[in-house]
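Take a look at the structure set out below.
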Number of protein chains: 2
Amino acid sequence: MTQGRPMRADARRNYERLLKVAAEAFAEHGENASLDDIAKRAGVGSGTLYRHFPTRQALLEAAYVDRIEALGARADELAKELAPGEALAEWLYELAVGTIQVRGMKALLGSAVTDGGAAALTVCGAVVKGAVARLVVAAQEAGALRGDVEPIEVLRLAHGVASAAELAGAGEKEIRRYLSLLGEGLGAVGR
Amino acid sequence: MTQGRPMRADARRNYERLLKVAAEAFAEHGENASLDDIAKRAGVGSGTLYRHFPTRQALLEAAYVDRIEALGARADELAKELAPGEALAEWLYELAVGTIQVRGMKALLGSAVTDGGAAALTVCGAVVKGAVARLVVAAQEAGALRGDVEPIEVLRLAHGVASAAELAGAGEKEIRRYLSLLGEGLGAVGR
DNA sequence: CACCAAACGGAGACAGTCCCCGCTTACCGT
DNA sequence: ACGGTAAGCGGGGACTGTCTCCGTTTGGTG
């Protein structure tokens, strides 16, 4: 259903160059890297870029799918290695680290987590939501996570907390701390 | 220290028109409203706008100071009316509502909460940080809030949670819910 | 009422986005 | 091998937004 006919050789070449260059550019200049500049660096006209990737989102998503899919796979790895609660915690931590440290990924994950219909269909959204759903359900069955939260809510809160950590100019230590505050709750009496 | 000499009459007039128009524009188009357009609508040249407010941040801040100051005052009101824990919770709720519903305010509060030096000196930063510090300390003394968190951390987490709620396309109900999840912690067993 | 610093304003340089449409070229059938 | 054709290219250009520079205007004094 994806291919009517395989891509023409030159088209495929350009597509892949664009992807590679885009990943570099986003890493270097953040999510607002100039698209025309990416096209230039990939040695194609801007028309070509916009035909392959109609929106910035589309390019961002395509440039990072592999990373996102790795994250999805990581969820299952963790589920095998650790107790359900731990697995969820660790995965959220790795998600948050990605959110903050890989420039451009925040916007992508943010949109993956949004309400509305459109964003729901993206590959990233599907993978991430799927992964968190598995981990959350397992953790809830193990009694390590309160039963009245939806997976998507956990995801959103983790994303929010990652943003909070970013505001702090956070390193990995702060991310861990902020996530554990979320887990334990602010109301609980001191450590 | 603020005034070498009072502002010239025309300068003051323009300054105030800009502020008024800017508040409208930010409310209508979000934090990225066109600055040149604001200038035009205020009937001044763009040079005038940029002289009064060298950066978008500066204008944003000036346009919303009164609202921020109201929030600061509200903290003290709440501190009188409610128990310390409640007061903090309610204030954070009102902060979050503002963050989400008043377009343009998110960026402002976000920068107020950032680490680094530059943003620390803004009026908004000072007011908000002051308010939260008072409420947090009181809540901690009353044992309603764990003792090992800094006020700024509470602020950042609340901001993050507000973002999370925004992602959900949240109404006031969701904001309350997400904040209470933060307060109680995800790890606690179901309601 | 004349002076002059303070303030104005808008043209224009620059950067980014995105579309359009004439040209090129990879791929097929013969 | 080779020509026809549609898929694909690419960059010019319209548009929007930011921010600066500098000639002109104007409010407030002495």
Side-chain angles (χ1 to χ4, degrees), chain A residues 1-63 103-104 106-108 111 118, chain B residues 1-63 103-104 106-108 111 118:
Chain A
M1 63 167 276
T2 328
Q3 321 279 79
R5 182 174 302 197
M7 244 176 175
R8 238 170 70 169
D10 53 345
R12 157 146 249 105
R13 226 178 6 254
N14 285 331
Y15 185 91
E16 260 147 30
R17 292 211 59 185
L18 278 170
L19 235 45
K20 196 178 137 215
V21 172
E24 289 168 18
F26 285 135
E28 188 175 349
H29 300 113
E31 56 175 311
N32 291 322
S34 159
L35 296 184
D36 275 32
D37 192 55
I38 289 175
K40 208 153 290 169
R41 282 210 248 169
V44 306
S46 47
T48 301
L49 187 155
Y50 285 103
R51 191 159 356 84
H52 283 304
F53 309 100
T55 66
R56 177 180 297 273
Q57 271 303 310
L59 180 55
L60 206 47
E61 168 144 353
R103 309 193 55 173
K106 185 178 168 187
L108 181 55
S111 81
Chain B
M1 63 168 275
T2 326
Q3 322 278 78
R5 183 173 302 198
M7 243 176 175
R8 236 170 70 171
D10 54 347
R12 156 147 251 106
R13 225 178 9 253
N14 285 331
Y15 184 91
E16 260 148 28
R17 291 211 59 183
L18 279 170
L19 236 44
K20 194 178 139 214
V21 172
E24 287 167 19
F26 285 134
E28 187 176 349
H29 300 113
E31 55 175 311
N32 291 323
S34 159
L35 295 184
D36 274 32
D37 193 56
I38 289 175
K40 208 153 290 169
R41 281 211 249 168
V44 307
S46 45
T48 300
L49 187 155
Y50 286 102
R51 193 161 351 88
H52 283 305
F53 310 100
T55 67
R56 178 180 295 274
Q57 270 304 312
L59 181 55
L60 205 47
E61 168 144 352
R103 309 193 54 174
K106 185 177 168 187
L108 181 56
S111 80

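In what follows, every chain begins at residue 1, and chains take the letters A, B, ... in the order their sequences are listed. Please read these numbers as outputs of a predicted model, since none were measured by experiment.
No side-chain heavy atom of Leu59(A) sits less than 4.5 Å from a side-chain heavy atom of Tyr50(A). In this structure the side chain of Leu18(B) reaches within 4.5 angstrom of the side chain of His52(B), judged on heavy atoms. Residues Leu19(B) and Phe53(B) have side chains in contact (heavy-atom distance under 4.5 Å, counting atoms from C-beta outward).
Put simply, His52(B) has no side-chain N or O that comes within less than 4.0 Å of OP1 or OP2 on dA7(C). Close to dG9(C), at under 4.0 Å from its OP1 or OP2, lies a side-chain N or O of Thr48(B).
Here Asp36(A) does not pair with Lys40(A) in a salt bridge; the nearest charged N to carboxylate O distance is not below 4.0 Å.
Rounded to whole Å, atom P of dC19(C) lies 12 Å from atom CG of Leu49(A). Rounded to an integer number of Å, the gap from Phe53(B) CZ to dG9(C) P is 14 Å. Computed from coordinates, the Arg12(B) CZ to dA6(C) P distance equals 17 Å when rounded to whole Å. We find that CD of Gln57(A) is positioned 12 Å from P of dC18(C), with the value rounded to whole Å. Nucleotide dG9(C) holds its C1' atom 9 Å from the CZ atom of Arg51(B), rounded to whole Å. Atoms CG (Leu59(A)) and P (dG16(C)) sit 16 Å apart, rounded to a whole Å. Rounded to an integer number of Å, the gap from CG of Asp10(B) to C1' of dG9(C) is 12 Å.
Scanning atom types as modelled, one donor and one acceptor separated by under 3.5 angstrom connect the side chain of Arg8(B) and the base of dA6(C).
Heavy-atom contacts of chain A under 4.0 Å fall on DNA chain D between two terminal nucleotides, which in 5' to 3' order are dA7(D) to dG12(D).
Place Thr55(B) and Ala11(A) on DNA chain D by their nearest nucleotides, and Ala11(A) ends up nearer the 5' end. In this structure, Gly47(B) and Arg13(B) both approach DNA chain D, and ranking their closest nucleotides by distance from the 5' end singles out Gly47(B).
Nearest heavy atom pair, residue Ala107(A) against residue Glu31(A), reads CB-OE1, 2.9 Å. Nearest approach of Ser46(A) to Ala39(A), heavy atoms of both residues: CA-CB, 3.9 Å. Of all non-hydrogen atoms in Arg41(B) and His29(B), the two that sit nearest each other are NH2-CE1, 3.3 Å.
Within residues 32-40 of chain B, the residues having any heavy atom closer than 4.0 Å to DNA chain D are, in order of number, Ala33(B), Ser34(B), Leu35(B), Asp36(B).
Using a distance-only test at 3.5 Å, with no hydrogens or angles considered, no donor-acceptor pair links the side chain of Arg12(A) to the main chain of Pro6(A).
The one candidate from Leu60(A), Leu108(A), Val21(A) that meets the side-chain contact (heavy atoms from CB on, under 4.5 Å) condition with Phe26(A) is Leu60(A).
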